[in-house]
Amino acid sequence: MEICLALAGMMRGLYTAEHEPDNRCMNLEGGKCFNDKEKKLLVLEIVQALKGIIPEVKKGAAEKALEKSRVKQLLEFSRSVHAEMYAILNAGAEHYGGKIQGGQIYVTTYPCHNCARHIIAAGIHDVFFIEPYPKSLALHLHGDAITEDVNSQKKVRIVPFEGVGPAMFERFFKYPESGRKNKDGKMISIPARDATLTTRFSIWSLPQLESKIVTSLTEKSLITATDE
């Protein structure tokens with residue numbers, strides 16, 4: 001028997017705005033990302049461990065090089081519980097655990113490698129996602145159990161959603177060009193009333209745009225009818 005795990009709605013046990021105190025990461029240590037903080041400490045520890053190998057004058061350059069390496073992609077130090085993990089936990093808490101095996105899970109983003117191992121262990125057969133996640137090593141680390149081949153029946157199938165992802169509409173307004181966090185990993189807060197378009201685009205189709213441009217250039221005597 002299959003069960004569809006919906007990832008929206010209120011989830012028990014997680015920090016929310018209703019908790020007192022509100023211990024979501026955005027409210028702790030000035031909104032600094034715990035994952036980013038630990039990655040910076042890791043870089044410093046690596047450089048310190050290489051003391052005597054890296055000249056003192058090169059330590060700053062070594063730190064910058066490490067920050068741009070795969071250390072930057074580490075997810076292991078985050079306090080967050082990803083939606084896939086929590087959906088599986090929540091299903092177990094609701095006595096649906098036995099129905100997860102062979103089931104399907106619908107997620108907003110391609111699963112990360114941390115979530116991938118939970119999905120495999122839970123026995124889920126199909127993962128449907130909307131947004132890509134280039135940092136994921138799910139296929140690289142679990143290629144024996146996961147596939148993007150929709151015709152496969154022997155592995156967990158990761159299947160892309162076909163259509164316009166809803167998150168794309170949010171991105172037109174939500175974040176500035178600098179992104180969600182600054183270079184120190186601190187969250188950039190943007191009041192909704194101050195949100196502006198981050199991308200300019202036209203609602204006209206290409207033929208309509210071409211027609212308007214030709215008309216405008218003709219009116220300005222920049223081209224003649226024969227030039228069209």
Side-chain angles (χ1 to χ4, degrees), residues 1-9 11-15 24-25 33-43 45-46 49 65-168 170-171 179-181 185:
M1 181 177 181
E2 293 188 354
I3 180 171
C4 170
L5 304 178
L7 303 186
M11 295 182 175
R12 78 179 83 192
L14 298 183
Y15 294 128
R24 289 177 295 172
C25 293
C33 176
F34 282 75
N35 193 51
D36 286 351
K37 178 182 176 181
E38 291 301 317
K39 285 188 291 186
K40 284 184 177 295
L41 289 174
L42 177 61
V43 165
E45 288 178 13
I46 292 173
L66 282 170
E67 287 174 356
K68 293 179 181 179
S69 71
R70 290 179 65 187
V71 170
K72 183 179 180 181
Q73 299 180 7
L74 290 175
L75 310 170
E76 284 67 23
F77 309 117
S78 175
R79 281 166 32 109
S80 66
V81 177
H82 288 187
E84 298 94 316
M85 294 184 191
Y86 196 82
I88 293 170
L89 290 169
N90 206 42
E94 294 289 347
H95 308 294
Y96 294 127
K99 299 178 181 179
I100 297 176
Q101 192 160 2
Q104 301 173 336
I105 185 168
Y106 295 82
V107 299
T108 54
T109 309
Y110 191 105
C112 72
H113 39 279
N114 287 333
C115 288
R117 56 179 179 242
H118 289 78
I119 290 170
I120 295 168
I124 292 171
H125 190 264
D126 295 313
V127 181
F128 293 90
F129 74 96
I130 298 176
E131 302 289 339
Y133 190 50
K135 286 169 61 174
S136 176
L137 297 176
L139 201 61
H140 175 69
L141 297 177
H142 303 284
D144 58 320
I146 287 180
T147 181
E148 294 177 348
D149 180 3
V150 297
N151 297 312
S152 175
Q153 296 298 324
K154 297 181 179 180
K155 298 181 180 181
V156 178
R157 298 184 300 186
I158 302 183
V159 185
F161 165 79
E162 295 184 14
V164 179
M168 295 303 297
E170 281 190 13
R171 290 177 189 170
R180 296 183 299 114
K181 297 179 288 187

Task: Close side-chain approach of F34 to S78, heavy-atom, < 4.5 Å - done: no
- [ ] Report the C-alpha distance between K72 and E67 in whole Å, list the side-chain angles of each, state the deciding distance to 0.1 Å, and finish with yes or no for side chain to side chain contact (heavy atoms under 4.5 Å, CB included).
- [x] CA-CA 6 Å; K72 183 179 180 181; E67 287 174 356; over 6 Å; no
Mind listing the closest non-hydrogen atom pair of [X] and [Y] along with its distance?
X: I100; Y: A91; result: CD1-CB, 3.6 Å
X: C25; Y: R79; result: SG-NE, 3.2 Å
X: E131; Y: F129; result: O-CD1, 3.3 Å

Point-to-point distance, once rounded to the nearest 0.5 Å, from [atom1] of [X] to [atom2] of [Y]:
X: I146; Y: I158; atom1: CD1; atom2: CD1; value: 4.5 Å
X: D126; Y: I105; atom1: CG; atom2: CD1; value: 11.0 Å
X: L41; Y: F77; atom1: CG; atom2: CZ; value: 9.0 Å

Open item on the list: The criterion is side chain to side chain contact (heavy atoms under 4.5 Å, CB included); which residues satisfy it with V71, sequence neighbours excluded?
Closed with: K39, L42, V43, S69, L74
TODO: Any side chain to side chain donor-acceptor pair (under 3.5 Å) involving residues 134-153? Give me the pairs, sequence neighbours left out, ordered by first then second residue.
DONE: Y110-E148
Side-chain donor-acceptor pairs of residues 111-121 under 3.5 Å, sequence neighbours excluded:
from: H113; atom 1: ND1; to: L137; atom 2: N; distance (Å): 3.0
from: N114; atom 1: OD1; to: R117; atom 2: NH2; distance (Å): 3.2
from: H118; atom 1: ND1; to: N114; atom 2: O; distance (Å): 2.8

